[in-house]
There are 2 protein chains.
Amino acid sequence: MLRKRSTIPRKLPQQDRSRLTVEAILEATAHILTEEGYDKATTNHIAERAGISIGSLYQYFPNKESLMAALMEQHSNEIAALVESKLQDLFDAPLEIAIPELVRAVIAAHAINPRLHQVLNEEIPRSERLQQMQKADEHIAKLLGAYLRRWSDRIHPQNLEMTVFILSRTVESLCHSAVIEHPSFVSNSQFEQEVSNLLLLYLTRA
Amino acid sequence: MLRKRSTIPRKLPQQDRSRLTVEAILEATAHILTEEGYDKATTNHIAERAGISIGSLYQYFPNKESLMAALMEQHSNEIAALVESKLQDLFDAPLEIAIPELVRAVIAAHAINPRLHQVLNEEIPRSERLQQMQKADEHIAKLLGAYLRRWSDRIHPQNLEMTVFILSRTVESLCHSAVIEHPSFVSNSQFEQEVSNLLLLYLTRA
DNA sequence: GTATAATACGAGTAATTACTCGCGTCTGGC
DNA sequence: GCCAGACGCGAGTAATTACTCGTATTATAC
């Protein structure tokens with residue numbers, strides 16, 4: 001239970017076998033987190049599951065926190081990539097098209113590995129450092145802001161920053177909880193329609 | 001780091017001095033959680049801050065988890081009490097009155113001790129047992145459901161369960177994040193107006 | 001083929017921390 | 001004033017677990 005600071009990798013893998021090692025470590029971490037939860041995810045257990053030694057793990061991750069950070073980043077990127085590409089595709093689409101598509105994308109992104117997403121968001125001890133890792137959200141917020149400005153003549157709420165906040169929080173929170181707590185909601189399309197309605201009515205007052 | 005199960009108090013305080021002890025323990029726990037965060041909240045540190053011995057702490061709480069559970073319950077009850085009484089007062093009030101009042105109440109409830117609420121929700125390791133502690137939410141969901149049924153002739157969304165889910169999640173999530181991340185939003189009334197609009201437009205389509 | 005760097009290994013260490021237990025003190029009822 | 005039980009005490013224990021370090025193995029450059 002020593003404390004260290006750096007979140008960056010201790011050493012970058014240079015040969016193929018070490019790249020495989022790093023991959024195996026991340027895969028094992030994700031697997032254990034999803035299947036057994038955070039408190040079973042000891043570094044020794046992760047190394048064992050990855051089929052490598054504990055020493056090798058610490059050759060690439062200076063401490064446990066950096067390992068979790070790396071996994072969070074990887075997972076965030078996967079989700080963000082989906083949503084971002086959708087947002088860019090929809091930049092010129094009107095609200096009535098874009099919002100439902102966005103909601104669909106966010107739900108789909110959360111459905112990739114809901115349990116991992118949950119553990120990453122709710123179980124992992126959130127040190128100061130890890131708090132800031134929500135930069136994925138921030139980038140999406142930026143894109144969303146750009147989109148809303150693009151269509152600002154059709155949007156009623158005037159405070160752009162607040163609107164972005166309300167929109168992104170609402171979508172994220174609803175999709176996240178729904179995937180975890182109400183899988184039945186997600187399987188048919190009623191839920192995404194309702195969420196889309198919620199947002200569309202707010203934005204357009206129509 | 002031993003593991004135990006029971007979340008119920010080991011022993012009920014019977015004399016006044018022990019009731020004071022229990023109070024002091026809970027107060028110290030809340031104080032340390034808000035000021036220093038979860039990982040500084042060791043049982044020994046809590047006992048020290050409470051001005052009692054570690055042995056006394058374990059006379060009333062069989063393990064650390066039960067202590068956290070007790071604090072969560074106390075805090076949940078404080079919040080729920082506010083929201084519930086508002087909901088009951090507003091049972092016969094139309095949506096246009098009730099929804100803004102509800103939003104105000106939820107914001108006010110979250111503003112009591114935002115940092116404690118955050119730590120309780122985000123930092124404390126969520127064992128299976130603690131997950132279910134969200135019964136406060138459930139009770140509020142019931143009341144909200146009753147209210148919506150009472151006014152169902154003025155409400156468009158037909159799936160009551162889903163509507164309750166969407167409403168409660170949205171309010172909770174927006175108020176929670178706003179209080180923590182955007183205190184400036186909360187200080188003027190624009191934010192609560194926007195949130196009220198979001199929900200009202202969705203419910204009434206007007 | 002050899003030198004050098006990269007990678008892998010894993011038994012061991014140090015630090016933390018939840019929790020116990022035996023004993024001392026206080027309180028209330030009689 | 002005495003006694004039984006409630007309450008308080010805190011040094012010590014046991015278990016866990018993140019992390020090190022000296023050594024062995026493998027790849028690459030020449």
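Below, read A as the first sequence line, B as the second, and so on, with proteins coming before strands; counting in each chain starts at 1. We use all heavy atoms of the structure for the numbers below, so side chains are in, but hydrogens, waters and symmetry mates are not.
- The ring of A:F185 has its center closer than 6.0 angstrom to the ring center of B:F165.
- Taken from CG in A:L26 to CD1 in A:I46, the straight-line distance is 9.5 Å, to the nearest 0.5 Å.
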(request) Kindly determine whether B:I180 and B:R115 satisfy side-chain contact (heavy atoms from CB on, under 4.5 Å), including the steps that lead there. (result) CA-CA 7 Å; B:I180 290 167; B:R115 175 69 186 142; over 6 Å; no
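- Residues passing the salt bridge (charged side-chain N to carboxylate O under 4.0 Å, His left out) test with A:R169, sequence neighbours excluded: B:E181.
- Taking atom OH of residue B:Y58 and atom C1' of nucleotide C:dC19, one finds them 5 Å apart after rounding to whole Å.
- Here the P atom of nucleotide D:dT17 and the OH atom of A:Y38 are 10 Å apart, to the nearest Å.
- Contacts between residues 42-57 of chain A and DNA chain C, counted as heavy-atom distances below 4.0 Å, involve A:I52, A:S53, A:I54, A:G55, A:S56.
- When the salt bridge (charged side-chain N to carboxylate O under 4.0 Å, His left out) test is applied to B:R149, no partner is found at least two apart in sequence or on another chain.
- In this structure, the CE atom of B:M68 is 13 Å from the P atom of C:dT17, given to the nearest Å.
- For the pair A:Q14 CD and D:dT28 C1', the computed distance is 11 Å after rounding to whole Å.
- An OP1 or OP2 oxygen of D:dG8 is reached within less than 4.0 angstrom by a side-chain nitrogen or oxygen of B:Y60.
- Residues meeting the ring pair (Phe, Tyr, Trp, His ring centres under 6.0 Å) test with A:H156, sequence neighbours left out: none.
- Remark: A:R19 engages A:D16 in a salt bridge, criterion side-chain N to carboxylate O under 4.0 Å.
- Residues from residues 15-26 of chain B that place a heavy atom under 4.0 Å from any atom of DNA chain C, listed by number: B:Q15, B:R17.
- Each of A:L199, A:V106, A:L198 was compared with A:L174 under the side chain to side chain contact (heavy atoms under 4.5 Å, CB included) criterion, and only A:L198 meets it.
- Nucleotide D:dT23 holds its P atom 16 Å from the CD atom of A:Q59, rounded to whole Å.
- Every residue two or more places apart in sequence or in another chain was checked for a salt bridge (charged side-chain N to carboxylate O under 4.0 Å, His left out) with B:E27, and none qualifies.
- Per the geometry, CG belonging to B:D39 stands 16 Å off P belonging to D:dT17, to the nearest Å.
- Rounded to whole Å, atom C1' of C:dT17 lies 14 Å from atom CD1 of B:I32.
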